[in-house]
Amino acid sequence: MTISNDGRLVRGSATPATDEAGDVARPVLRKASLDKDLRKIAHLEEATRSISFGLMAPGLALLFLAFAGSVAAIYIGAEPNAVVIIAAAVIGGYMALNIGANDVANNVGPAVGSRAMTLFGALIIAAIFECAGALIAGGDVVETIAKGIISPSVLPSEQQFVWAMMAALLSSALWIHLATYIGAPVSTTHAVVGGVVGAGIASVGFGAVNWTTMGAIAASWVISPLLGGVIAAIFLAFIKTYIVYRDDKIDAARFWVPILIAIMAASFTAYLIMKGLNHIWKPDGTTLLLTTVATFFVSLAVLRPLIRRQSEGMENRNRSLRKLFHVPLICSAALLSFAHGANDVANAIGPLAAILNAVEQGSVGAAVDVPVWIMLIGALGISIGLFLYGPRLIRMVGQQITKMNPMRAYCVALSAAITVILASALGLPVSSTHIAVGAVFGVGFFREYYTTHSRRRREYMLKKNKGKKQTARHYVVDPQKLQRRKLVRRSHFMVIVAAWLVTVPAAATLSAILYTVIMLWQG
């Protein structure tokens, strides 16, 4: 700022340098102009780099789709319907990319949000274990008609079956793409179910759909998140009551944390056997129970001295407790990813395998063999989609719905495993996506309730601050203040619930439109 001759304050640089004759020193002005030009070039380079990075993900995705089509072309050769199979391979690859971008976030999001692992580390672990689950335990045979929603025998011809599967695959992929764009984690299985239903209705009519099974799937929209949320809230309440709000947190943690982690180990053993390795090993109920119980006691025996050694020298603070849950969270993210890869890869490759079988064999079956090249497309597609587009949903699930710490993330991961086990034992259809996100909601809503209603918390805070000027009223949250301080973001809650409710009908409508257009184009 400078002062003009009339005394006004004028915006600008300092008084320019002058030479002995009083003329402005031109080199100084040239230097200022040069600096300004260099800054413009730097901003231009930064903008160009930003645009380039923005185009990198779509470019790599297109390269993968070209790879999927090329693999199919090499496998098929010069068969008459090679174009149909190549197109199906590209669409299957597109579906796999979207599964990786959307569904995998539920497995690693809480661990990332709690800072038990970095985002990059989570991407690496999830990609490796998703791929391993798909290739090792993905199964040689895949159910193609989405859980018995439509019987293959009701479709009039092999050609109509092929186009119905094509429409179902493309519609479900497009819907998941849209859900990922708006930031809503949805069930990929429900999307495929909707796609199959829509194509079946457009092809044959409403009588083609098994409405009893559809009713069970609709019930899972409510059952899955409620079960996940309740179980997660119960474990968080236990941790707060018996560890967090104790006078000696470290002593309480030495007793309870080994038990809690042993429960997680046993639960994930059962979960992995039932959902991750069920294609290669199906033990009877007694063997499963004995294996689970043995895992619990072995884990407890190993963990007791480890937790005691790890807790030595720790301060009596919540921050110390969180460190005890880091390694279990990393293991749970890996196991959830393995089980997800083993199961949900079928959502991408199931319809593709059905199309291949119908074209090559001229027959339609309820379950078909899956060639290695199709399994490879599904496994790589999920991993690549996770790397390219997964971080956004990972941050949303792990950080933006409600604030996570390792103890809350532990409750979410454990809830995901226990809910699936209970539902399988009771014969209830559930969605792993709805369970995980429902558990995140359960943790957040429980925190809201506990903040204002817990007598133990108020007593603990009063005792902790004894001698200070605070009184009990400082630890009773005013209802109006609570309305301004929600611990669960309502906007995310409403968007996600709405996306869950419309997934099946939206995918079905889109699939019916695509199937009708295809059949009109076929003449």
Side-chain angles (χ1 to χ4, degrees), residues 103-114 116 185 187 220-244 256-257 259-276 292 295-296 299 322 325 328-340 343 394 396-399 401-426 428-450 487-488 493 496-497 500:
D103 220 13
V104 182
N106 309 309
N107 302 328
V108 298
V112 173
S114 67
S187 170
S220 75
W221 296 342
V222 179
I223 294 171
S224 299
L226 282 181
L227 270 178
V230 169
I231 292 174
I234 288 172
F235 275 96
L236 183 58
F238 183 91
I239 290 173
K240 284 183 175 293
T241 302
Y242 292 99
I243 301 178
V244 174
W256 285 113
V257 170
I259 295 175
L260 291 171
I261 299 177
I263 292 173
M264 172 180 268
S267 300
F268 271 98
T269 297
Y271 177 82
L272 197 62
I273 293 173
M274 297 170 67
K275 300 296 289 184
T292 304
T295 302
F296 172 80
S299 300
R322 295 166 187 168
F325 289 91
L329 282 176
I330 295 172
C331 295
S332 69
L335 294 175
L336 284 170
S337 297
F338 183 90
H340 179 270
N343 283 273
I394 289 174
M396 197 277 293
V397 172
Q399 299 173 351
I401 294 176
T402 191
K403 186 178 180 181
M404 281 286 158
N405 64 28
M407 290 174 283
R408 296 167 198 155
Y410 161 85
C411 296
V412 173
L414 183 59
S415 173
I418 291 179
T419 305
V420 170
I421 294 169
L422 289 177
S424 299
L426 297 173
L428 299 174
V430 290
S431 163
S432 59
T433 300
H434 290 194
I435 292 170
V437 179
V440 174
F441 286 138
V443 164
F445 285 124
F446 173 78
R447 290 177 61 215
E448 287 188 5
Y449 175 84
Y450 197 84
L487 299 181
V488 177
F493 176 77
I496 291 172
V497 170
W500 287 353

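Model, not experiment: these values are computed from the prediction.
Across all non-hydrogen atoms, the minimal contact from A232 to C411 is O-CB, 3.6 Å. Shown here for V420 and A416, the closest heavy-atom pair between the two residues is CG2-O, 3.2 Å. Of all heavy-atom pairs spanning A436 and V412, the tightest one is O-CG1, 3.8 Å. When all heavy atoms are compared, the tightest approach of V397 to P110 is CG1-CD, 4.2 Å. When all heavy atoms of A233 and F446 are compared, the pair lying nearest together is CB-CB, 4.0 Å. The nearest pair of heavy atoms linking H340 to D103 is NE2-OD2, 2.8 Å.
Taking OG1 from T419 and CG from L226, the interatomic distance works out to 10.5 Å, rounded to the nearest 0.5 Å. Between F296 atom CZ and I263 atom CD1 the span is 5.5 Å, to the nearest 0.5 Å. A distance of 9.5 Å separates CG of L272 from CG of L336, quoted to the nearest 0.5 Å. Between atom CE of residue M404 and atom CG of residue L329 there is a gap of 10.0 Å, rounded to the nearest 0.5 Å. Note: T402 OG1 to R408 CZ = 6.5 Å, rounded to the nearest 0.5 Å.
The backbone N or O of L414 sits nowhere less than 3.5 Å from a side-chain atom of S267 that would complete a donor-acceptor pair. Formation of a donor-acceptor pair under 3.5 Å by the T295 side chain with backbone atoms of A265 is not found in this model. In this structure, T241 contributes its side chain and F238 its backbone to no donor-acceptor pair below 3.5 Å.
Note: W256 and Y242 have tilted aromatic rings, judged against thresholds of 30 and 60 degrees for the angle between ring planes. Classification of the Y271-F268 ring pair by plane angle, with boundaries at 30° and 60°, yields perpendicular.
Residues satisfying the side chain to side chain contact (heavy atoms under 4.5 Å, CB included) test with I273, not counting sequence neighbours, are T269, W281, P283, L288, T291. The side chain to side chain contact (heavy atoms under 4.5 Å, CB included) check on P328 picks up I261, M264, with sequence neighbours excluded.
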Worked check of side chain to side chain contact (heavy atoms under 4.5 Å, CB included) between R322 and M407: CA-CA 6 Å; R322 295 166 187 168; M407 290 174 283; 3.8 Å; yes
Evaluate F493 against I401 for side chain to side chain contact (heavy atoms under 4.5 Å, CB included), listing each step before the verdict. CA-CA 7 Å; F493 176 77; I401 294 176; over 6 Å; no
Evaluate the criterion side chain to side chain contact (heavy atoms under 4.5 Å, CB included) for residue pair N106 and S432; output intermediate values, then yes/no. CA-CA 8 Å; N106 309 309; S432 59; over 6 Å; no
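Within the 4.5 Å cutoff, the side chain of F235 has heavy atoms near those of the L260 side chain. Residues L236 and Y450 are not in side-chain contact: their nearest non-hydrogen atoms beyond the backbone lie 4.5 Å or more apart. Between I435 and L227 there is no side-chain heavy-atom pair separated by less than 4.5 Å. The shortest side-chain heavy-atom distance between S220 and H434 does not fall under the 4.5 Å cut-off. Proximity of L422 to I231: side-chain heavy atoms (C-beta onward) are separated by under 4.5 Å at one or more points. Looking at heavy atoms from C-beta onward, P185 lies in side-chain contact with I496 at the 4.5 angstrom threshold. Between S114 and F325, every side-chain heavy-atom pair lies at or beyond the 4.5 Å cut-off.
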